[in-house]
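Take a look at the structure below.
Here is the naming used below: chain letters follow the sequence lines, and residue numbers restart at 1 for every chain.
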Amino acid sequence: MTLQPVRGMKDILPPESLRWSALEATFRACAAAHGYSEIRTPILEKTELFSRGVGEATDIVEKEMYTFTDRSGDSLTLRPEGTAAVVRSVLSGRSEIGEWPARLYYIGQMFRHERPQKGRLRQFHQLGAELFGTDAPHADAEVIAFLYRFLSQAGLTGVSLQINTLGDPECRPGYNQALADFLAGRDEMLCDDCRRRRLTNPLRVLDCKSEKCIAATADAPSILDMLCDGCRSHFETVESALRGLAVPFERNPRMVRGLDYYRRTTFEFVIPGMGAQNTVAAGGRYDGLAEMLGSRDRIPAIGFAIGVERLLMLTETDTPPVASSDVFIVASSAKFLPEAFLWRMELAEKGVRADIDYECRSMKSQFRRADRSGASVVVVFGEAEWERGMVGYRDMAKGQQEELAVDDAKRRLESLSTGG
RNA sequence: GAGAGUGUAGCUCAGUUGGCAGAGCACCAGGUUGUGGCCCUGGUGGCCGUGGGUUCAAUCCCCAUCACUCUCCCCA
C-alpha cells in the first residue's frame with residue numbers, strides 16, 4: 001500500500017505543471033501591465049484573522065477551516081482565502097507600501113475542508129489582486145477590466161460577467177429588512193434550505209438554484225431599487241466605465257457573496273452549464289474590512305480571486321507533446337559514457353538540452369529513446385569514428401547521418417540553443 | 001454534513017453463475033553482428049484498494065473501512 005496524498009490535495013506533475021507555470025506567467029505579465037506588484041503572505045495565520053475578516057457565521061469559518069493549536073498554544077489556520085491576509089499584511093507593512101492607492105497581486109494555495117468534487121479541492125489555488133486606498137468607482141472598473149482581460153488572455157471563452165451591488169451600511173439594512181419581510185410571506189413556497197436561510201441570511205435565498213425558490217422570489221424587492229444615493233451613483237459610474245472599456249457584462253441583482261466583508265460592487269465570471277462549480281473568478285469591494293481587522297483608518301479596497309483549477313479545467317486543450325530534449329547522445333558502448341556525460345553537461349550550460357542513456361542500453365533502444373525525446377539531432381559515439389576523431393551526426397527528421405570532427409559537431413550542437 | 005457510483009498490470013479496461021488472473025497501450029529483448037518511427041515474435045510486470053466474515057476454495061458473495069469520481073450543500 002503506497003502512501004497517498006492527503007484527501008482533496010493533488011500533486012501537480014509535468015506535463016500538467018507546464019500549464020500551471022504558463023498560466024501564472026500570463027497572470028504576472030497582465031498584472032504588471034496594469035501596475036500590480038506581487039505580495040506573498042504566509043499560508044498560516046492566526047485563526048482570529050479569518051473569523052473576524054471572513055465572517056464568524058460563514059460556512060468557511062464555521063466548518064471548513066484547517067485550524068489547529070500550535071506548540072505555543074496559539075490557534076492557527078491555513079488560509080481559506082487570500083484577501084484577509086493581504087489586508088493584514090498591508091496594515092502591518094504600511095510604511096513599505098507607500099502612498100495610496102496600492103495595487104497588489106498574489107498567487108497561492110488556499111485550504112478549505114470541504115467534500116472534494118469536480119472543480120473543488122481541499123487545497124486549491126487562487127490568483128488574486130487587490131486595489132487599496134480608493135473608493136472611486138473607476139477603481140472597480142479597473143479591477144474588473146483587468147480580470148476580464150486576463151481571462152481572455154488565458155484563453156477562456158464563453159464566460160459571462162455578472163455584476164451587482166450589495167449596498168453599504170447605509171442602505172443594505174433597509175433592503176435586508178424589506179427582503180426578509182417579503183420572504184416571510186412566501187415561506188411555504190420556499191425549499192427547505194431556504195426556509196432556514198430566510199431567517200439566517202435572507203440574501204442567500206435569492207441565490208438559490210431551486211426552481212421553487214426562483215419562482216417564489218421572481219418579484220422580490222431588488223437591491224437596485226433601494227440603494228442610497230452614494231451607492232446608486234457609484235454603481236452607475238462603474239457600469240458606464242465598463243461600457244467605455246467595452247467590457248461586456250450583465251446585471252444580476254440576485255448575486256450574493258459568501259464572505260461577509262463585501263460592500264457595494266460585486267462581480268462574478270460564470271460559465272453557463274458548468275453545474276454548481278460554475279464560478280471561475282469572483283470579487284468585490286470591501287471598504288469595511290480594514291477596520292474590522294483593527295485599522296484606525298478606513299481603507300477602501302476592491303479585489304478578486306480566480307480559481308486556478310477551474311480556469312485550467314475550462315481552458316483544457318489537447319496539448320501536442322513537447323520535445324524533452326534537443327539532442328540525444330548515443331554511446332555505442334559503456335566506455336563512451338564519461339565523454340557523453342561531459343557533452344551533455346557542457347551543452348546544458350550553453351542552453352542545449354542533450355539527453356543520454358545512463359544505462360547504456362542497446363543502440364536500437366537508445367535511438368528509440370532519442371526518437372521519443374523529440375531530439376532533432378542524434379550524436380553517435382562509435383568505435384570506428386572515435387579513433388579518427390569523428391562522431392556521427394544524424395538529422396533525425398531527414399534520417400541522414402554524416403561524420404563530423406569532434407569540434408565541428410560541438411559547434412553545430414551549440415547552435416541548437418533556443419536563443420540561437 | 002447528506003446521497004450515488006467506482007476500486008483488477010505503469011495507463012485504459014475486460015473477466016470469473018466462487019475453482020491456476022486477461023487484453024490493448026506502455027516497457028524490455030530479438031527479428032536487423034553499430035542506428036529511431038512502421039511491422040512481426042517473445043518477455044517483464046498483479047497481495048484483483050485494505051481488514052474481517054461465509055466456504056473445501058473468495059478477485060467474485062456478506063460486513064466494515066479507506067480512497068477516487070459525481071451530486072446536494074457551500075464556494076474560487
For the side chain of [X], counting heavy atoms from C-beta on, which of [options] is nearest?
{"X": "A:Gln126", "options": "B:A76, B:G37, B:C73", "value": "B:A76"}
{"X": "A:Ser362", "options": "B:A29, B:U69, B:A76", "value": "B:A29"}
{"X": "A:Arg120", "options": "B:C28, B:G1, B:C73", "value": "B:C73"}
{"X": "A:Met363", "options": "B:C75, B:U35, B:A29", "value": "B:U35"}
{"X": "A:Arg369", "options": "B:C74, B:U35, B:C28", "value": "B:C28"}
{"X": "A:Asp371", "options": "B:G37, B:C72, B:U69", "value": "B:G37"}

Is [X] touching bases, backbone alone, or none of the nucleic acid, heavy atoms closer than 4.0 Å?
{"X": "A:Thr279", "value": "sugar-phosphate"}
{"X": "A:Ala282", "value": "sugar-phosphate"}
{"X": "A:Val380", "value": "base"}
{"X": "A:Glu385", "value": "base"}
{"X": "A:Arg115", "value": "base"}
{"X": "A:Gln401", "value": "base"}
{"X": "A:Gly399", "value": "base"}
{"X": "A:Arg361", "value": "sugar-phosphate"}
{"X": "A:Gln366", "value": "nothing"}
{"X": "A:Gly283", "value": "nothing"}
{"X": "A:Gly374", "value": "nothing"}

Integer-rounded Å distance: [N] [atom2] and [X] [atom1]:
{"X": "A:Phe304", "N": "B:A76", "atom1": "CZ", "atom2": "P", "value": "14 Å"}
{"X": "A:Glu402", "N": "B:U35", "atom1": "CD", "atom2": "P", "value": "19 Å"}
{"X": "A:Glu403", "N": "B:G34", "atom1": "CD", "atom2": "P", "value": "16 Å"}
{"X": "A:Glu114", "N": "B:G1", "atom1": "CD", "atom2": "C1'", "value": "12 Å"}
{"X": "A:Glu62", "N": "B:C74", "atom1": "CD", "atom2": "C1'", "value": "11 Å"}
{"X": "A:Met255", "N": "B:A76", "atom1": "CE", "atom2": "P", "value": "11 Å"}
{"X": "A:Asp207", "N": "B:C72", "atom1": "CG", "atom2": "C1'", "value": "15 Å"}
{"X": "A:His113", "N": "B:G1", "atom1": "NE2", "atom2": "P", "value": "6 Å"}

Counting just side-chain N and O atoms, does [X] come under 4.0 Å of either OP1 or OP2 of [N]?
{"X": "A:Arg310", "N": "B:C75", "result": "no"}
{"X": "A:Lys118", "N": "B:A76", "result": "no"}
{"X": "A:Ser365", "N": "B:A29", "result": "yes"}
{"X": "A:Arg7", "N": "B:C68", "result": "yes"}

Sticking with atom [atom1], work out how far [N] lies from [M], rounded to a whole angstrom.
{"N": "B:G19", "M": "B:U59", "atom1": "C1'", "value": "12 Å"}
{"N": "B:C60", "M": "B:C20", "atom1": "P", "value": "14 Å"}
{"N": "B:G18", "M": "B:C56", "atom1": "P", "value": "15 Å"}

Point to revise | Rounded distance [0.5 Å steps], OH in A:Tyr66 versus OG1 in A:Thr77 | key: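 Reported value, rounded in 0.5 Å steps: 12.0 Å.
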Point to revise | Base B:G37 paired with A:Lys364 side chain (donor-acceptor, <3.5 Å) | key: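 Per atom types, no contact qualifies.
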Point to revise | Distance-only donor-acceptor test, A:Arg204 side-chain atoms vs B:C74 base atoms, 3.5 Å | key: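 No.
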Point to revise | Chi angles and distances behind the ring-ring contact (aromatic ring centres under 6.0 Å, His included) call for A:Tyr105, A:Tyr36 | key: CA-CA 6 Å; A:Tyr105 77 88; A:Tyr36 289 71; 7.8 Å; no
